[in-house]
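Below is one structure, written out as structure tokens, with a few remarks after it.
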Amino acid sequence: MRLIFMGTPDFAVPTLLEIVGRDHHEVAAVYTRAAKPAGRGMELQVTPVEREARRLAIPVLTPKSLRTEEAIETFRAHKADAAVVVAYGLILPVPILQSAPLGCFNLHASLLPRWRGAAPINRAVMAGDVESGVMVMRMAEGLDTGPVAMAERLPIGADMTAGELHDALAPLGADLMVRALDALARGTLQLTPQSDVGVTYAAKIEKVETRIDWRKSWKAVHDHCRGLSPFPGAWFELPGAQPARIKVLRTTRGEGEGAPGAVLDGNLTIACGEGAIRLLEIQRAGKQPMKAGDFLRGTPLGPGTVLR
């Protein structure tokens with residue numbers, strides 16, 4: 001088939017590469033978000049998808065919107081049979097959805113209808129879900145409401161971070177999408193409407209919700225930390241005249257109890273509203289991640305210290 005690929009972050013790259021690796025599919029164009037300034041020098045950084053597409057000599061388009069007549073006509077001019085969408089970042093209006101004769105197909109990183117929306121991987125871990133997965137759906141006008149073609153499930157380990165889940169789902173989704181495309185090309189792809197039961201929304205992660213609330217149970221704090229790891233990162237402040245913000249990248253269940261936020265021992269076990277967690281990997285602002293033991297050698301935190 002002749003395809004248009006639409007994606008932006010690292011998560012989308014395995015799917016693009018898997019499709020290109022199939023001789024019977026042609027990627028006519030890649031759509032991605034425009035380059036943005038980043039880093040200390042604020043130099044323009046292209047998206048991971050654009051970097052791979054240019055390496056593969058595939059034409060790249062970075063429209064700010066798909067709602068203009070020009071954008072719609074450009075999309076149609078590719079004469080694609082179908083479009084593949086993986087974490088693209090722009091809403092596809094109805095004229096775009098209707099432009100590909102066989103449809104626009106989205107790879108979504110959740111078990112729909114649970115966690116429709118922008119941050120399904122983070123929200124699944126933050127909620128303490130024990131299972132996630134990837135689904136290929138034919139896109140409709142609503143937010144992740146289209147009928148589902150194929151799915152793969154994946155257990156979420158008790159200490160698994162959002163980053164680890166992301167890295168496990170990306171190749172799983174790439175394989176699922178190419179299988180769905182092959183079935184689409186054969187005319188055997190079957191679509192099943194989503195259930196109206198169990199719908200939840202994975203809202204974009206906001207900065208205001210990243211601070212750790214030690215008053216919550218150890219499980220809620222643990223899920224919060226791993227669900228935001230490695231980015232944007234859950235954090236607390238070290239006490240002192242100039243409080244230092246510390247990101248928490250990895251935790252596990254700890255032993256003991258005390259006032260919420262209190263350090264309980266020499267292993268960075270921290271009391272929560274119920275139970276305790278042990279900090280395993282943390283990161284100072286502007287520094288590399290480090291193990292708790294390495295952190296304590298440079299920043300002694302004795303029992304009784306209260307983290308904010």
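Checked against salt bridge (charged side-chain N to carboxylate O under 4.0 Å, His left out), Lys219 has the following partners two or more places apart in sequence or in another chain: Asp223. By the side chain to side chain contact (heavy atoms under 4.5 Å, CB included) test, Pro232 pairs with Ile205, Thr210, Leu228, sequence neighbours left out. Under the side chain to side chain donor-acceptor pair (under 3.5 Å) criterion, Glu50 pairs with Arg54, sequence neighbours left out. For Asp159, there are no salt bridge (charged side-chain N to carboxylate O under 4.0 Å, His left out) partners at least two apart in sequence or on another chain.
Here the straight-line distance linking atom CG of Leu249 with atom CD of Glu281 works out to 5.0 Å at 0.5 Å rounding. To the nearest 0.5 Å, atom OH of residue Tyr88 and atom SG of residue Cys104 are 11.5 Å apart. Going from atom NE2 of His222 over to atom NZ of Lys216 covers 14.5 Å, rounded to the nearest 0.5 Å. With rounding to the nearest 0.5 Å, the separation of CD in Glu69 from CD in Glu73 is 6.5 Å. For the atom pair OH (Tyr201) and CZ (Arg114), the distance works out to 13.0 Å, reported to the nearest 0.5 Å. Taking CD1 of Ile121 as the start and NE2 of His108 as the end, the distance is 9.0 Å to the nearest 0.5 Å.
The shortest non-hydrogen separation linking Ala87 to Pro9 is O-CD, 3.0 Å. Pairing each heavy atom of Val197 with each of Pro113, the nearest pair is O-CG, 3.4 Å. Pairing each heavy atom of Glu164 with each of Arg250, the nearest pair is OE2-NH2, 2.9 Å. Among all heavy-atom pairs drawn from Met126 and Gly227, the shortest one is CG-CA, 3.7 Å. Across all their heavy atoms, Val49 and Ala12 have their closest contact at CG2-CB, 3.7 Å. Contact record, Val199 with Ser195: CG2-O, 4.1 Å, taken as the closest heavy-atom pair.
With contacts defined as side-chain heavy-atom distances shorter than 4.5 Å, the pair Asp182/Arg22 qualifies. Side-chain contact between Val84 and Leu107 is absent, with no heavy atoms from C-beta onward closer than 4.5 Å. You'll find the side chain of Leu66 reaches within 4.5 Å of the side chain of Tyr31, heavy atoms only. By the 4.5 Å heavy-atom criterion applied to side chains, Leu169 and Ser132 are counted as neighbours. The shortest distance between side-chain heavy atoms of Ile19 and Val178 falls below 4.5 Å. When side chains are defined from C-beta on, Arg55 does not count as touching Arg51, because their heavy atoms never get closer than 4.5 Å. No side-chain heavy atom of Glu26 sits under 4.5 Å from any side-chain heavy atom of Leu3. Here the side chains of Thr252 and Leu280 are in contact, with some heavy-atom distance below 4.5 Å.
The closest donor-acceptor contact from the side chain of Arg2 to the backbone of His78 lies under 3.5 Å. With hydrogens and angles ignored, the 3.5 Å screen pairs no side-chain donor or acceptor of Ser229 with any backbone N or O of Gly233. A donor-acceptor pair under 3.5 Å links the side-chain atoms of Arg123 to the main chain of Lys204, judged by distance alone. With hydrogens and angles ignored, the 3.5 Å screen pairs no side-chain donor or acceptor of Glu70 with any backbone N or O of Thr74.
Leu172 is not connected to Met135 by any chain of hydrophobic side-chain contacts under 4.5 Å among Ile, Leu, Val, Met, Phe, Trp and Tyr, and they are in different clusters. Hydrophobic clustering places Met177 together with Leu16 (ILVMFWY residues linked when any side-chain heavy atoms are closer than 4.5 Å, directly or through intermediates). Cluster annotation: Ile4 is not connected to Val13 through the hydrophobic network of ILVMFWY side chains, with a link wherever side-chain heavy atoms come within less than 4.5 Å. Hydrophobic clustering of Ile, Leu, Val, Met, Phe, Trp and Tyr side chains at less than 4.5 Å, counting indirect connections, unites Val134 with Leu165. Residues Leu189 and Val136 fall within the same hydrophobic cluster, defined by Ile, Leu, Val, Met, Phe, Trp and Tyr side chains chained together at heavy-atom separations under 4.5 Å.
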- Message: Quick one, Met1 with Leu184, criterion side chain to side chain contact (heavy atoms under 4.5 Å, CB included). Give me CA distance, side-chain angles, the key distance, then yes/no.
- Response: CA-CA 9 Å; Met1 294 186 297; Leu184 180 66; 4.0 Å; yes
- Task: Show your working on side chain to side chain contact (heavy atoms under 4.5 Å, CB included) between Trp115 and Asp129 and close with a plain yes or no.
- Result: CA-CA 11 Å; Trp115 302 127; Asp129 290 3; 2.8 Å; yes
- Go through the steps to decide whether Arg116 and Gln194 satisfy the test side chain to side chain contact (heavy atoms under 4.5 Å, CB included), and finish with yes or no. CA-CA 11 Å; Arg116 294 173 177 171; Gln194 290 186 41; 3.0 Å; yes
Per-pair distances, 0.1 Å, donor-acceptor, side chain in residues 90-100, under 3.5 Å, sequence neighbours excluded:
from: Ser99; atom 1: OG; to: Arg76; atom 2: NE; distance (Å): 3.3
from: Ser99; atom 1: OG; to: Pro95; atom 2: O; distance (Å): 2.5

Donor-acceptor contacts, no H, no angles, side chain residues 56-63, under 3.5 Å, sequence neighbours left out:
none

Which donor-acceptor pairs under 3.5 Å do the side chains of residues 137-147 make with protein atoms, sequence neighbours left out?
from: Arg138; atom 1: NH1; to: Leu102; atom 2: O; distance (Å): 3.4
from: Asp144; atom 1: OD2; to: Gly117; atom 2: N; distance (Å): 2.7

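The local environment of CZ in Arg215 is sparse, with at most 12 non-hydrogen atoms from other residues, nucleotides or ligands closer than 6.0 Å. A 6.0 Å sphere centred on CD of Glu131 holds more than 12 heavy atoms belonging to other residues, nucleotides or ligands.
Salt bridge Glu237/Arg245: absent, no basic N to carboxylate O contact under 4.0 Å.
Hydrophobic cluster of Leu238: the remaining members, joined at side-chain heavy-atom separations below 4.5 Å, are Ile212, Trp214, Trp218, Val221, Phe236, Ile246, Val248, Val263, Leu268, Ile270, Ile277, Leu279, Ile282, Met290, Phe295, Leu296, Leu301, Leu307, listed by chain and number. The hydrophobic cluster of Val306 has no other members, since no ILVMFWY side-chain heavy atom comes under 4.5 Å of it.
For the salt bridge (Lys or Arg N to Asp or Glu O under 4.0 Å) condition, no pair includes a residue of residues 5-16, sequence neighbours left out. Residue pairs meeting the ring pair (Phe, Tyr, Trp, His ring centres under 6.0 Å) criterion with at least one partner in residues 126-180, sequence neighbours excluded, are Phe11-His166. Residues in residues 257-267 take part in these side-chain hydrogen bond (donor to acceptor under 3.5 Å, both in side chains) pairs, two or more places apart or across chains: Asp265-Thr269.
Of the residues listed (Glu18, His24, His25, Arg186), the one engaging Leu181 in a side chain to side chain contact (heavy atoms under 4.5 Å, CB included) is His25, and it is the only one.
Counting only N and O atoms by type, the side chains of Thr8 and Thr47 include no donor and acceptor under 3.5 Å apart. For the residue pair Thr299/Arg284, the side-chain donor-acceptor check at 3.5 Å is satisfied.
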